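Below is one structure, written out as structure tokens; comments come after it.
Small disclaimer: the values here were computed from a predicted structure and weren't measured. In what follows, chains carry the letters A, B, and so on, assigned in the order in which the sequence lines appear, proteins first and then strands, with residues in each chain numbered from 1.
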Amino acid sequence: MPLLVLREDGTLSRASLDDYFEALKALLLVIPTGSVTTYKSLSKLLGISPRLVGALLAANDEPLIVPCHRVVRSDGSLGGYSLGGPRFKEKILRVEGVYVERGRVKDDHVTDLEELLG
DNA sequence: CATCGAACCAACC
DNA sequence: GGTTGGTTCGATG
């Protein structure tokens, strides 16, 4: 069932990417520095498809303020990054203490938000 | 391990 | 109505 949102004018409409993005930002703040989460985990919490999570992050205009680099694929491979590509993404993660080996981040760095939030 | 196809869902054409 | 993504999953070589 699609998520509905109550608008200012009192109408009820399907959630837009902007609506989801607001929720997404809040979730990203929960991820501890030094660990990452997955598109999958976020998609479950938001009730949308993992691709849509990607679309949200890609549409993000302030990649450095919103920590989109802390989101990786469920198999541990990096996924994309709108600013500077995966290469730059890896760099940022390394600064935060998340290490990438053979194209994958180590499991110990991956936080399942669903579990973390209860 | 690598590749493939299908499902995913709002946006855009 | 069809295509498109910062994806995922199951099946197949």
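- Along DNA chain C, read 5' to 3', the first and last nucleotides having any atom under 4.0 Å from a heavy atom of chain A are C:dG5 to C:dC9.
- A:S41 contributes no side-chain N or O that, together with a main-chain N or O of A:T38, makes up a donor-acceptor pair within less than 3.5 Å.
- For the atom pair CG (A:L28) and OG1 (A:T37), the distance works out to 8.5 Å, reported to the nearest 0.5 Å.
- Nucleotide B:dC8 forms a pair with no other nucleotide shown, judged by Watson-Crick or G-U wobble geometry with both contacts under 3.5 Å.
- Distance A:R102 CZ to B:dC1 P: 8 Å, rounded to the nearest Å.
- The distance between atom CG of A:L42 and atom C1' of B:dC8, rounded to the nearest whole Å, is 16 Å.
- Straight-line distance from the CD1 atom of A:I48 to the P atom of B:dA11: 11 Å, rounded to whole Å.
- If you check every strand for non-hydrogen atoms under 4.0 Å, A:S43 touches nothing.
- Counting to the nearest Å, the C1' atom of B:dA7 and the CG atom of A:L52 are 13 Å from each other.
- Nearer to the 5' terminus of DNA chain C, by closest-nucleotide assignment, is the contact made by A:R51 (compared with the other of A:S41 and A:R51).
- Ring planes of A:H109 and A:Y99: tilted class, angle from 30 to 60°.
- When the P atom of B:dC8 is taken as reference, atom CZ of A:R14 falls 12 Å away, rounded to whole Å.
- Note on A:L57: a base of the nucleic acid sits closer than 4.0 angstrom, heavy atoms only.
- Residue-level contact check: A:A55 touches neither bases nor backbone, having no heavy atom under 4.0 Å from any strand.
- The number of heavy atoms from other shown groups lying within 6.0 Å of CD (A:E62) is above 12.
- Nucleotide C:dG6: unpaired (no Watson-Crick or G-U wobble partner with both distances less than 3.5 Å).
- Using a 4.0 Å heavy-atom distance criterion, A:S74 is classed as a sugar-phosphate-only contact.
- A donor-acceptor distance shorter than 3.5 angstrom exists from the side chain of A:K89 to the backbone of A:L78, with no hydrogens or angles considered.
- Under a cut-off of 6.0 angstrom, the local environment of CZ in A:R7 is crowded, with over 12 non-hydrogen atoms contributed by other residues, nucleotides or ligands.
- For A:K25 and A:E22, the salt-bridge test passes: some basic side-chain N is under 4.0 Å from an acidic carboxylate O.
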